[in-house]
Student: 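Following this message is one structure expressed as C-alpha cells.
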Amino acid sequence: MKSSAAKDRVAALHAQIEEANYRYHVLDEPTITDAEYDRLMRELEALEAEHPELKTADSPTQRVGSVPSREFAEVRHETPMLSLANAFTEGEVADFARRIVERLGRNATAHDLEFSVEPKFDGLAISLRYENGVFVRGATRGDGERGEDVTPNLRTVRSVPLHLRGKGWPRVLEVRGEVYMPRADFERYNARARASGGKIKALVNPRNGAAGSLRQLDPRITASRPLAFFAYALGAVEGGDLPVKHSAVLARLRDWGFPVSPLVSTAEGVDGCLGYYRKIGRQRDTLPFDIDGVVYKLNDLSLQRELGFVGRTPRWAIAHKFPAQEQTTVVEDIIVNIGRTGAATPAAKLKPVFVGGVTVTNATLHNADQVARLDVRIGDTVIVRRAGDVIPEVVSVVLDRRPARTHKWHMPAKCPVCGSAIVREEDEAVARCTGGLSCAAQRVQTIFHFAARRAMDIDGLGERYIEDLCDLGYVHSVADLYRLTLDDLLEMKRRADERDGTTPETVKAGKVATKWAENLIAAIAHSRQTTLDRFLYALGIPDVGEATAKALARHFGGLDALMRASEAELTEVPDVGPIMAAHIAVFFAERHNREAIAELRAAGVTWKESEPQRRSEGPLAGKTVVLTGTLSALTRDEAKDRLEALGAKVAGSVSKKTSFVVAGAEAGSKLDKARELGVEIWDEDRLKDFLRAHA
DNA sequence: GCACCTCGAGTTCC
DNA sequence: CTCGAGGTGC
C-alpha cells in the first residue's frame, strides 16, 4: 500500500477501534463482534509493521505490550489527590451535613443540600492526564502528593480513552477515577489460574488484583489482566470552562468518552443520602464490581470551594462505608470436627471479629491441604472474608504479624472424640476417623442426618438434643428413636440440666420441657410414614444423597429388590457407576446395617412401594431443569416435586445441558449463567401455566 | 483419556 | 457456597 493511502487507512482504523472500545467498555453496547474487532486490530498491526513510521504511541495496538521498565518514575500531582473522611454510622453522616450547614452559615439546612452520590469503588485510585485531548500520563495516587507513573500499564486498560471524544475539552485535563477488576473477570481469571496448575497465580481478591496488576513493571502482564476504569472527579484543569455542579462535570466526562458509573445519582439532604446508601447496599452483592461504601459530595462546586479542606480531606465530601467484608483477626486455635462419614475437617477458632454484618468466630479450613497451602498456624493473624456468600473463610495469613515460635499445623493422628486412628487414603483430600458408629461424633451426626428435614423430617430433634440423648444413653442407634417415651425425654432433659448445672426448676420451665417432649414424640411418630427415597437418603449410605436415593427408589421400586441387587445390577441405575455400586452393596451386606433396617421396619417405619420404573416418563422426560430465585406461589421443594413428577430432572447448577431455567424473584448468578449459555428461561407464570396444563 | 457436569458432604450464623 | 470426586459423553 502506498504510504499516503496507508496513513489514511491507519487513521480510519484508529477511529474505528477506539469507537468500538468506547461502545463496548463505556456504553456497554457493543456494535461489532469480537471477531470483527480482532480483524481490525490485525489489519492495523500489519499496516504498522509495513509502515513503522505510522506506529504512534497513541495507537490502539500500543495498549498492549511495550517493554518492561526498571522502576516507576515519581509523579507529582499538580492538584493533590484527596482522601475522604469516613462515616460508619448514620449519625456520623448527619454530623457531616450539620457541619456543612454551620460553616456555610446561610439559611441552608441539612435537608435541602444537594449531593452528588456515587458508589465507592473498591479498586485503586488513579489520575489520568490529557493534553490537547490526548492521553499523556497516568499515575497512582501514592500519598496524594506524589504517585507513580504507570502510563504504559494504564494504556492497556480498554476503558481508559486514549483520545477524548467530542469537543470543548480543556487544553490540560486531569481526570481522577478508580481502576478495578470486575468480579466476573476476577472469577474467570482465577478459574484459569487454578486450571493452570500453579503456573498462573490466583489473585486474592479483585482489589488486590487491580492494584497488583497496575504495579507490574511489565505492561504485557497488565494487559493480560481484566481491568476496567470509572471516572469520578477532576484534577488540574487548564484552558477550558467547566459546569458549576459536580453531577454535570460527570455528565461532561461521559460525553468526552470516560466511563462513569451508571449508579451515580443526586440526593436531597441527609435523608436522600441515607436512602441511596440503603439502596446501593441492597444491590451490593449483585453488582458486577466490588464497592466498600458510597460517597456523598456536595454538588455545588462553588460551595465546595467555599468549604475547603481540613488537611487533605475536603469538608464537602464523605465516604459512608459498608460493614467490611474482609477483616483481620487472630487464630486462637485450630480444631478438628468429625462429620457423619468420619471426615475430619479442620476449623479455625478466631478472635471474634465483625465481618460483613456479623461477628465471626469460626472459619472452616476445609482440609489439611488447605491448611498447608495457607500455612495457617495457631497465633497467626489472618484475613477473614465473608464474600457475597455467607460462609466465612480464611483468605490468607498476614506473615508480617506471625508471632515467634509458631509451628506448622498437622492433622492429629487420633480422633479427638473417640481416640480411633485418623487415616487419610492415598490420593484423597479428606482424612477420616476410623471409629465408625462407635465414635460418638459420627453417631450423633448419623442420627442428625436421619432426622433431617429432607430425610425423615423429625422436627424438633436438633443436634444438641441428639448429643444429650446419646451421651446419657437413651439412644444408641436411629431405631432407638422410635422406642423413646415421653418419660424418657423428660428424664433425659432433667438429667441434662442437672449435669450442666443450669436448672431453672420453675413450673414454667417444666411446662416448656413437657411441650417440647410431646412435640418430639409426635414428630417421631409422624415420621414413620415416609417414602422410600427419603428413607434411603436417611440411612446415610456413602455417596448416596438425595438425587441418588431418588434414582435408586425409582429404579427398584422396593427396598428388598434394592437390597438383593448385585453390584452389576446397581450399575444399571442412572448415575451409578462401579464405585458407588460397591459402596451401596457393601452397606447392605453389613450385618449391623441390615439389623438397623429390620429394627426400623419393626418399629413401624413404612412407605409405599411401587413398580420398578426403568425409564422416566411424562411431558418433561429427559429434561434437566434448574430453579433459581424465589417463587411466590410455590416453595422451591414443591416446585421440584411437581417438576419431577412430570419426569424432569431438577439439577442444582446451570450448564449447557440444562433444558430450561425457572427464574423467580431476585434470581442471581444462575440466571446470569443461563443467559450467558443461551439456556431457555421460564418465569414463574410460564411454570404455573405448564403445571396447570399437565396437572 | 479428558473435559465437563453433577452430586455429596461439610459449613456459619441467627 | 465450595471443594472434591464419581459418572458420563466425546
Side-chain angles (χ1 to χ4, degrees), chain A residues 187 190-192 194-195 197 202 285 323 325 329 335-350 352-371 373-374 384-395 424-433 441-442 444-446 448-449 452 454-455 462-464 533 536-552 570-584 624-626 628 640 649-659 668-670 673 677 679:
Chain A
E187 298 298 343
N190 269 0
R192 241 188 19 241
R194 279 194 295 273
D285 288 343
Q325 291 190 322
T329 187
I335 61 154
V336 171
N337 291 316
I338 305 297
R340 170 170 66 87
T341 63
T345 311
K349 287 277 171 204
L350 305 168
V353 63
F354 194 69
V355 191
V358 297
T359 304
V360 168
T361 53
N362 295 305
T364 178
L365 294 166
H366 294 117
N367 55 46
D369 286 349
Q370 174 83 348
V371 181
R373 203 157 40 233
L374 295 167
V384 178
R385 168 166 56 193
R386 234 179 75 113
D389 52 350
V390 202
I391 295 170
E393 59 174 348
V394 173
V395 180
R424 181 173 168 183
E425 293 295 326
E426 201 120 1
D427 1 292
E428 278 225 334
V430 290
R432 287 178 202 280
C433 158
Q442 291 189 54
V444 169
Q445 291 299 317
T446 299
F448 184 57
H449 173 80
R454 317 185 79 105
E463 206 173 335
R464 275 277 315 284
D533 54 313
L536 290 175
Y537 175 58
L539 289 176
I541 306 164
D543 275 344
V544 176
E546 265 190 295
T548 313
K550 274 205 175 100
L552 290 171
L570 287 165
T571 319
E572 283 167 29
V573 180
D575 298 328
V576 175
I579 296 173
M580 285 168 61
H583 284 156
I584 296 165
T624 303
V625 183
V626 174
T628 180
K640 192 174 173 204
K649 185 166 155 187
V650 178
S653 57
V654 179
S655 73
K656 57 176 186 262
K657 290 206 288 193
T658 308
S659 313
S669 61
K670 285 190 232 175
K673 183 91 182 276
L677 296 173
V679 170

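These figures come from a predicted structure and were not determined experimentally. Lettering follows sequence order; numbering is per chain, from 1.
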Student: Taking any heavy-atom pair under 4.0 Å as a contact, classify A/Val430: base, sugar-phosphate, or nothing.
Tutor: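 Nothing: the residue A/Val430, judged by heavy atoms under 4.0 Å, touches no strand.
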
Student: Scan for salt bridge (Lys or Arg N to Asp or Glu O under 4.0 Å) pairs involving residues 352-364 of chain A, sequence neighbours excluded, and state none if there are none.
Tutor: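 Salt bridge (Lys or Arg N to Asp or Glu O under 4.0 Å) check on residues 352-364 of chain A returns no pairs.
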
Student: Listed by chain and number, what are the side chain to side chain donor-acceptor pair (under 3.5 Å) partners of A/Arg340, not counting sequence neighbours?
Tutor: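 Partners of A/Arg340 under the side chain to side chain donor-acceptor pair (under 3.5 Å) test: none.
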
Student: Can any side-chain N or O of A/His366 pair as donor or acceptor with the backbone N or O of A/Val371 at less than 3.5 Å?
Tutor: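 Side chain of A/His366 to backbone of A/Val371: no pair is present.
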
Student: For residues A/Ile338 and A/Val336, determine if any side-chain heavy atom of one lies less than 4.5 Å from a side-chain heavy atom of the other.
Tutor: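 They are in contact (side-chain heavy atoms under 4.5 Å apart), so the answer is yes.
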
Student: C/dT2 C1' sits how many Å from A/Leu365 CG, rounded?
Tutor: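 These atoms are roughly 14 Å apart.
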
Student: For A/Tyr537 and B/dG8, give me the distance from atom OH to atom P, rounded to whole Å.
Tutor: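 Value for this atom pair: 8 Å.
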
Student: According to salt bridge (charged side-chain N to carboxylate O under 4.0 Å, His left out), who are the partners of A/Arg454, at least two apart in sequence or on a separate chain?
Tutor: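 Expected list: A/Glu546, A/Asp637.
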
Student: Measuring from the side chain of A/Pro392 (C-beta onward, heavy atoms only), which nucleotide among B/dT12, B/dG8, C/dG4 has the closest atom?
Tutor: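 Nearest to the side chain of A/Pro392 among the choices is B/dT12.
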
Student: Using the side-chain heavy atoms of A/Arg340, tell me which of these nucleotides is nearest: B/dT12, B/dG10, C/dG6.
Tutor: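 Shortest atom-to-atom distance from the side chain points to B/dG10.
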
Student: Toward the 5' end of DNA chain B, which comes first, A/Thr361 or A/Gly342, by nearest nucleotide?
Tutor: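 The 5'-side residue here is A/Gly342.
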
Student: In Å and rounded to the nearest 0.5 Å, what is the OG1 to CG distance from A/Thr548 to A/Asp533?
Tutor: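 Going from the OG1 atom of A/Thr548 to the CG atom of A/Asp533 covers 11.5 Å.
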
Student: Quick one: A/Asp543 CG to B/dG10 P, roughly how many Å, whole number?
Tutor: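 For the pair A/Asp543 CG and B/dG10 P, the rounded distance is 11 Å.
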
Student: Please determine if a side-chain N or O atom of A/Asn367 lies less than 4.0 Å away from the OP1 or OP2 oxygen of C/dC3.
Tutor: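 Answer no for this pair, as no side-chain N or O of A/Asn367 is under 4.0 Å from OP1 or OP2.
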
Student: Rounded to whole angstroms, how far apart are CD1 on A/Ile579 and P on C/dG4?
Tutor: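 To the nearest whole Å, that distance equals 17 Å.
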
Student: Could you pull out all residues at least two apart from A/Thr341 that satisfy side chain to side chain donor-acceptor pair (under 3.5 Å)?
Tutor: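 Result, side chain to side chain donor-acceptor pair (under 3.5 Å) vs A/Thr341: A/Arg432.
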
Student: Is any side-chain N or O of A/Thr345 closer than 4.0 Å to OP1 or OP2 of B/dA9?
Tutor: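 So the side-chain polar atoms of A/Thr345 never come under 4.0 Å of the phosphate oxygens OP1 or OP2 of B/dA9.
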
Student: Taking the minimum atom-to-atom distance to the side chain of A/Met580, which one of C/dG4, C/dG7, B/dT12 wins?
Tutor: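 The closest nucleotide is C/dG7.
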
Student: Starting at atom CD1 of A/Ile338, determine the distance to atom C1' of B/dT11, rounded to an integer number of angstrom.
Tutor: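 Those two atoms, CD1 and C1', are 15 Å apart.
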
Student: Between A/Phe448 (CZ) and B/dT11 (C1'), how many Å, whole number?
Tutor: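 A/Phe448 atom CZ is separated from B/dT11 atom C1' by 11 Å.
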
Student: Would you indicate, yes or no, if B/dG10 has its OP1 or OP2 atom less than 4.0 angstrom from a side-chain nitrogen or oxygen of A/Asn337?
Tutor: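 It does not, given that no N or O in the side chain of A/Asn337 lies less than 4.0 Å from OP1 or OP2 of B/dG10.
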
Student: Separation of A/Phe354 atom CZ from B/dT12 atom C1', in whole Å?
Tutor: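 About 15 Å, once rounded to whole Å.
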
Student: According to a strict under-4.0 Å criterion, is A/Thr341 in side-chain N/O contact with OP1 or OP2 of B/dG10?
Tutor: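 Checking B/dG10 against A/Thr341, a side-chain N or O does come within under 4.0 Å of OP1 or OP2.
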
Student: What's the closest nucleotide to the A/Ala343 side chain, out of B/dT12, B/dG10, C/dG6?
Tutor: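 Shortest atom-to-atom distance from the side chain points to B/dG10.
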
Student: Could you list all N or O pairs between the protein and nucleotides 8-10 of chain C that sit under 3.5 Å apart?
Tutor:
| residue | atom | partner | partner atom | Å |
| --- | --- | --- | --- | --- |
| C/dT8 | OP1 | A/Asp575 | N | 3.0 |

Student: Using atom CD1 of A/Ile541 as one end and atom P of C/dG6 as the other, report the distance to the nearest whole Å.
Tutor: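 Rounded to whole Å, this separation is 17 Å.
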
Student: Could you tell me whether A/Glu546 contacts a base, only the sugar-phosphate backbone, or nothing, with contacts defined as non-hydrogen atoms closer than 4.0 Å?
Tutor: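 Sugar-phosphate only.
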
Student: Taking salt bridge (Lys or Arg N to Asp or Glu O under 4.0 Å) as the cut-off, I'd like each qualifying pair that reaches into residues 360-371 of chain A, sequence neighbours left out, listed once.
Tutor: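 Those involving residues 360-371 of chain A are A/Asp369-A/Arg424.
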
